[in-house]
Structures are given as structure tokens and as C-alpha cells.
There are 2 protein chains.
Amino acid sequence: MPAKAVSSATADRRQAQLEALLTAAEKRICETGSHALKARDLAADIGVALGGLYNIVQDMDDLLLRVTVRTQGRLDALFERETAHRPMTTRAQALDRLVAVALAYFTFARENLPLWRMMFEVRITTPLPEWAVEAQLGLFRHVGAPLSVIMPEASPEALTIRARTLFSAVHGVVYIGLEERLIAVPPQKLADEIEWLIRAGCR
Amino acid sequence: MPAKAVSSATADRRQAQLEALLTAAEKRICETGSHALKARDLAADIGVALGGLYNIVQDMDDLLLRVTVRTQGRLDALFERETAHRPMTTRAQALDRLVAVALAYFTFARENLPLWRMMFEVRITTPLPEWAVEAQLGLFRHVGAPLSVIMPEASPEALTIRARTLFSAVHGVVYIGLEERLIAVPPQKLADEIEWLIRAGCR
DNA sequence: CTTTATATTGAACAACGTTCAAGCTTGCGA
DNA sequence: TCGCAAGCTTGAACGTTGTTCAATATAAAG
């Protein structure tokens, strides 16, 4: 066999299998929650024997991690789609954009609740592979770019930290807000709080 | 047998067993993480047969929930101990107290990382029992009380929401900040960010 | 002390992720 | 066109898991 064909037929099939597997996993996660994912169900979904899963994916954690990164990719695309067209030259515009990013995050979380939750439930023992770290850090640019307009005199390091703080704060409000076991806050009120939070932090 | 003795010997033993079980569970969680809890290990720890666990606790979820509430109780006690002695008559004092609460939360999370994480990992299908909801809502008073001094003209409802927002924001910063899979931020810098966040939100 | 009711036990069960020897398919050289 | 080696796929089997329940041991009551 050739050592490493750039695109052999089997490699293509593996890619297709991987995508089918991820799609099936996402479907099941959305329907019944991430902890209800069963290897046997997924194998049946994509028409593969039980053991065959482990030719597509290293193990179940690997699968969850890939789903997570896929979700991050969709979130990234949403940020891009939702805010790229907004100008960012003045301070006020940058602030509006930051608010838009935060509200888009809230919307995404609400509309993709199980997948969104998964992003923070995945616990890994071994260090994250680089492609996973990249996908995660890439998201911060949607906060960092507007923030650099709002805080033009800040050092890059201070800016990175502050961007993380703002993102984390919004994340926290969304996270606790969507936790149903406490008193439910109406989504519009939550959105208002998120906007207030961003504007208060940027004054 | 009497229908319900106020304090029979067996009921006392059950209480003791429950406490031993919770303590053993906490120990294991702190040592090896919450998802490494095994029914057989715990049964051995407290000197009970495997099936005996289900006389003490309904099932594993029930156990985790009880550990969670215990942790919330310790957090509550820490808030009390750390901030009750601070006066709260002036606005500035109330603000200082709010900052103290937030920093205490951060410290608690850092020093009890596995137990603290568990509080947000427990996923319940059935609605939370009242005693669990109580313990959770009780924590908010440590934010609500100082905040009512800072926002004296706000309606009780607006105050509740704002308290939740502030708590959630701080929680988010702590949560993401302690996530090790991203770039580690020095604790002192994190603490600074938390204090900044509170003060920015209360201006 | 006998009897009755409760508490405890641990073997058994179903469901889970993961492995691996065996069979099957595939692609290439003759 | 055929045959053969190399990899892929399979599904039975394994070790763990949480949970159950008939049997046993213990405690309470008359």
C-alpha cells in the first residue's frame, strides 16, 4: 500500500464517516442531552458496527471534543455573520459591536442549549490538542477587536485580559440565566442585563 | 414498632451513616475528581455493603446533590465569616463588602476547586427538591444586601435581577479563569479583574 | 424467649465503553 | 484475469459501572 496517499478512497470515506458520526452525535445531543450519548446508538445511526467507531474516533472523549470544536466553529461563524458588517471606527460603534457580540452569544446559547453546554462540560485529562485550543482562542478576537478601539491606550496584554474578563462575565450571566433550576428570568430582561453589563464595563 | 420515633437508634445511625458517606464522597472528589466516584469505593470507605448505599441515599445523583448542597453551605458560612463584621451603612462600605464577597467567592473556588465545580456539574432530570433550591437562593443574600444599599431607589425585583447579574458575572470570570485548558492568568490579576468588574458595575 | 418487623448483605443483572481475533474487502503485481 | 497480501470491518467478549432483590442477620416487642 502507498504510504500516505493525499486522498485515497478509504481516507475519503473515513472523512465522510467522521462527519456522519459528528452529525449523528449532535442530533442525539440536541434531542436527549450530551450524557445520553451511547456508543451503540451512534454506531447504529451511521450504519457501522460497534467496534467500528474506534476506527473513526479515538474514543468517546475524542468524539465529544470534536463536537465541541464544531460548535465553536458555528459560534465563530455566527459572530462573523452578525457583526462583521458593523463599522468599528468610533468608540460608540465599537461599543455597539461589542454589545452585538454579547447578545449573539446569548442567542446562540439559547438556540443551541445542549451543544452550547457541552462546550464547557468536556473534561479532558490529557492536554488539549492544538486544533482545539486554536478554535477556542479564535473566538476571543470578536471581543478583542472592538475592545482595542474602546481602550486604545491599553497594552496588548491588558487588552487580552480585559477581553477575557468581559467575555467571561457575559458567559456567566448567560450560564446562570439559562440554568432552569433557579427562578427563570425572562430572556428580554437577561438581554438587557447583558447589554448593561457590557456598557458598564466599558465606561 | 412505634410509627415515627423522634430519634430512634436506627434513625440516628442512618444520620451518622449519611454524614460518613458525604464526607467520604467529598474526600474522593477532592482527591480524584467528581466523575471518579464509584459506588463500590464509597461503600468500602464507610464499611457498608454495596447495596447498603441505597438505604442511605436514593441513588448516586441524590448523593451528588447532597454534596453540592453541603458545599453551598460551606460557601455561605465563608461569606458570613468574611463579610458579616464589615459595616454597610455608607455606599462605599457596601461596595467594599460586595468586593469582599466576590473575592471570597474566588478564593473559595480556588481552594475547593473540585467541590466548587461540582456545584455546577450536577444535572438533574427531576425538579430540584426545595431544600436544594433554598440553599442556592440563600447565597444571593450576600450580594443582595450590600446592593440594596448601593441602589436604594431600585425596586426589589430590579434589585434581585441585578444581584443575580453581578453574581453571575463574577462567577463567569472565576469559572473561565480557573479553566486550565486556556492560558493561565495569575490569580492576583484575576482578583484585580474581579474587583474592577464589581466597581465598574456599581458606578 | 419467641415472634415479628426492619436492616443489611452480596450475588446477580443490565448497560456501558473498549478491545481484538477472525473474516472480509480492496487494490496491486504477475 | 487471477491471486495474494494488507488493511478494514465486524461483533462477540471483557471489565466496570449503578442498581435491584431474595436471603440472611439484627433489633424490637409481647
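What you are looking at is a predicted structure, and each value in this text was computed from that prediction instead of being measured. Every chain is numbered from 1, with letters handed out A, B, ... down the list of sequences.
The existence of a salt bridge linking E179(A) and R123(B) is confirmed by a sub-4.0 Å separation between a basic side-chain nitrogen and an acidic carboxylate oxygen. Salt-bridge check for R28(A) with D45(A): passed, with a basic side-chain N closer than 4.0 Å to an acidic carboxylate O.
Nearest nucleotide to the L50(B) side chain, out of dA11(C), dT18(C), dT9(C): dA11(C). Residue M60(A) places its side chain closer to dT18(C) than to any other of dT19(D), dT9(C), dT18(C). In this structure, of dA7(C), dT9(D), dA12(D), it is dA7(C) that holds the atom nearest to the side chain of R13(B).
Note: CG (L42(A)) to P (dC16(C)) measures 11 Å, nearest angstrom. Rounded to whole angstrom, the span from the CG atom of L37(A) across to the P atom of dA15(C) amounts to 18 Å. The OH-P distance, from Y54(A) to dC20(C), rounds to 13 Å in whole Å. Rounding to whole angstrom units, NZ of residue K38(A) and P of dA14(C) are separated by 17 Å. Between the CZ atom of R14(A) and the P atom of dC8(D) there is a distance of 6 Å, given to the nearest Å. Straight-line distance from the CZ atom of R40(A) to the P atom of dA15(C): 10 Å, rounded to whole Å. Rounded to an integer number of Å, the gap from CG of L53(B) to P of dT8(C) is 11 Å. Separating the CG atom of L18(A) from the P atom of dT9(D) is a distance of 13 Å, rounded to the nearest angstrom.
Taking side-chain N and O atoms only, N55(A) has a distance below 4.0 Å to OP1 or OP2 of dT9(D).
Residue I56(B) is classed as having no contact, given no heavy-atom separation below 4.0 Å to the nucleic acid.
In terms of position along DNA chain D, the nucleotide closest to G51(A) lies nearer the 5' end than the nucleotide closest to the other residue of the pair G51(A) and Q58(B).
If you check the side chains of W116(B) and Y105(B), you find a donor sitting under 3.5 Å from an acceptor. In the model, D192(A) has a side-chain atom that pairs as donor or acceptor with a side-chain atom of Q188(A) under 3.5 Å.
Using bins of under 30°, 30° to 60° and over 60° for the plane-to-plane angle, the ring pair H142(A)/F79(A) lands in the tilted bin.
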